[in-house]
Amino acid sequence: MSMLQTANPRKGAIIALLLTAFLWSTGGLSFRLLTISNGLAISGYRSFFAAIFFIAVFKKLPKMENTRWFKLGIIAHCGATTFFVIANTMTTAANAVVLQYTAPIFVCIYLYFITKKPLPPKDIVAVTLIFSGICIFLVDSLTFQADLTMTFGNMIAVLSGASFGMQAVVLRQTSVPRNVFIFGSGVNLILAMPFIFQNPISSLFDLGILIYLGTIQVGFAYLLLSFAVPRVTPLELLLIPALEPILSPIWVFVFDGQRPSLLSMFGGVVIVATIIIWSLKKGKAKEEN
């Protein structure tokens with residue numbers, strides 16, 4: 001991570017988050033290339049290789065912090081990663097990744113109850129617009145697609161967003177964020193064991209994809225995220241990687257032919273545009289201060 005160390009700590013953190021978004025965006029396509037279709041099994045395999053990667057990189061076992069924030073972080077990481085994988089197996093990659101970006105709404109709610117301070121007007125406008133985009137997604141799946149599986153997948157993607165938001169809030173309260181990811185991966189693996197036994201890896205191709213998902217798409221990406229955690233705010237930790245919901249459906253469309261509906265794309269544009277504009281204005285305000 002030394003190459004990200006710059007005179008401006010926030011600049012290095014932003015670069016790390018953009019790289020994180022790029023790696024995360026490859027998940028949707030990777031899930032669809034697998035012959036294994038069970039979301040919990042995929043999550044378990046991915047977490048297994050991620051845990052090995054973290055331990056190999058740092059050459060030591062993680063230490064548990066005896067704080068509520070650390071324990072909440074483990075739960076949040078499990079929810080963010082597992083719900084996201086399950087959602088990808090039930091709905092489109094576009095829906096899963098964009099609905100995960102309901103996270104800023106939950107961050108605002110969590111921070112309000114923690115700090116007891118009202119939200120700035122700009123944050124309220126951003127949250128309102130993002131929520132509008134989410135409603136477009138849900139109306140699309142319920143009314144036009146009439147697919148209960150996809151609707152349920154969209155709901156799970158929102159749960160992933162709620163967990164992702166919680167993770168962004170609590171990580172800043174932990175001493176070593178990467179330890180949260182390692183313990184979280186271990187819990188994911190334990191929960192997924194029954195499904196792993198029912199869904200063994202049947203080909204070298206699947207093995208290669210699962211190793212990639214664990215070591216690069218999760219492992220290296222979360223190293224970048226842990227670098228950025230102390231250098232940005234919880235909302236920035238979620239909003240700066242806005243590149244992900246743009247790239248993820250592109251990879252799937254180009255390589256797998258899965259095309260999101262026009263209404264879904266419109267909802268995605270509303271969400272992504274709001275995230276980008278909000279983030280830029282937030283950064284400009286910081287520079288002026």
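The chain is numbered in sequence order, starting from 1. What you see is a predicted model, and the numbers here were worked out from it, not measured in a lab.
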Which heavy atom of L23 sits nearest to which heavy atom of Y212, and what is that distance? O-OH, 4.3 Å

With side chains defined as the heavy atoms from C-beta onward, is the minimum distance between S175 and E65 less than 4.5 Å? yes

Hydrophobic clustering (ILVMFWY, side-chain heavy atoms < 4.5 Å, transitive) - are F83 and F152 grouped together? yes

Is there a path from I52 to V187 through hydrophobic residues (I, L, V, M, F, W, Y) whose side chains come within less than 4.5 Å of each other? yes

Let me confirm one number: the CD1-CG distance from I196 to L191, rounded to the nearest 0.5 Å. 10.0 Å

Would you check if F106 and F164 make a side-chain contact, meaning some heavy-atom pair closer than 4.5 Å? no

When you group the ILVMFWY residues by side-chain heavy-atom contacts below 4.5 Å and let the links chain together, are V176 and V170 in the same group? no

Check step by step if side-chain contact (heavy atoms from CB on, under 4.5 Å) holds for L17 and L224. CA-CA 7 Å; L17 290 175; L224 293 169; over 6 Å; no

Is it the case that one hydrophobic cluster holds both I190 and F54, taking links as side-chain heavy atoms less than 4.5 Å apart, direct or via other members? no

Does F220 reach the side chain of V57, with side-chain heavy atoms less than 4.5 Å apart? no

Taking the side chain as every heavy atom from C-beta outward, state whether L225 and R178 have any atom pair closer than 4.5 Å. no

Looking at every heavy atom in both A41 and I36, which two are closest together, and how far apart are they? CB-CG2, 4.3 Å

How many angstroms lie between OH in Y45 and CG in L40, if you round to the nearest 0.5 Å? 12.5 Å

Nearest heavy-atom contact between A50 and S185 is CB-OG, 4.0 Å

Spacing of OG belonging to S37 relative to CD1 belonging to I42, to within rounding of 0.5 Å: 7.0 Å

Keeping the roles fixed (side chain from R231, backbone from F227), state whether a donor-acceptor pair exists under 3.5 Å. yes

What distance separates R46 CZ from L189 CG, expressed to the nearest 0.5 Å? 13.0 Å

ILVMFWY network linking V218 to I75, side-chain heavy atoms under 4.5 angstrom: no

Please say whether more than 12 non-hydrogen atoms of neighbouring residues, nucleotides or ligands are located less than 6.0 Å from OH in Y112. no

Kindly indicate whether the side chain of M155, heavy atoms from C-beta on, has any atom under 4.5 Å from the side chain of L159. no

Does S226 use its side chain to pair, donor to acceptor, with the backbone of L223 at less than 3.5 Å? yes

side-chain contact (heavy atoms from CB on, under 4.5 Å) evaluation trace for L171 with F181: CA-CA 10 Å; L171 280 179; F181 307 144; 3.8 Å; yes

Measure the spacing between CG of L207 and OG of S202 and express it to the nearest 0.5 Å. 10.5 Å

With side-chain contact (heavy atoms from CB on, under 4.5 Å) as the test, would you mind laying out the steps for V270 and F266 before giving the verdict? CA-CA 6 Å; V270 171; F266 176 70; 4.0 Å; yes

Taking every non-hydrogen atom, the tightest pair across P62 and N179: CB-OD1, 3.3 Å

Kindly write out the residues that satisfy side chain to side chain donor-acceptor pair (under 3.5 Å) with T102, not counting sequence neighbours, or none if the list is empty. none

Within 6.0 Å of CZ in F48, more than 12 heavy atoms from elsewhere: no

Heavy atoms of V180 and I74 approach each other most closely as CG1-N, 3.7 Å

Output, in order, the C-alpha distance, side-chain angles, deciding distance and verdict of ring-ring contact (aromatic ring centres under 6.0 Å, His included) for Y222 and H77. CA-CA 11 Å; Y222 270 94; H77 180 70; 4.9 Å; yes

So, for Y110 and W69, is the gap between ring centers shorter than 6.0 Å? no

Just verifying a value: how many Å separate T67 OG1 and F70 CZ, rounded to the nearest 0.5 Å? 7.5 Å

Counting N and O atoms only, with roles assigned by atom type, does the side chain of S47 sit under 3.5 Å from a partner on the main chain of S43, one being a donor and the other an acceptor? yes

For the residue pair C108 and L111, establish whether any side-chain heavy-atom pair is separated by less than 4.5 Å. no

Just checking, is any N or O donor in the side chain of Q100 or S160 under 3.5 Å from an acceptor N or O on the other one? yes

Looking only at non-hydrogen atoms, find the nearest pair between A87 and G153 and report the distance. CB-O, 3.5 Å

Begin from the C-alpha positions of Q167 and L72 and carry the test side-chain contact (heavy atoms from CB on, under 4.5 Å) through to its verdict. CA-CA 8 Å; Q167 177 180 266; L72 277 174; over 6 Å; no

Do the side chains of R32 and N88 get nearer than 4.5 Å, heavy atoms only? yes

Heavy-atom check, side chain of T81 versus side chain of N188, under 4.5 Å: yes

Do we see a donor-acceptor contact under 3.5 Å between the side chains of N38 and T89? no

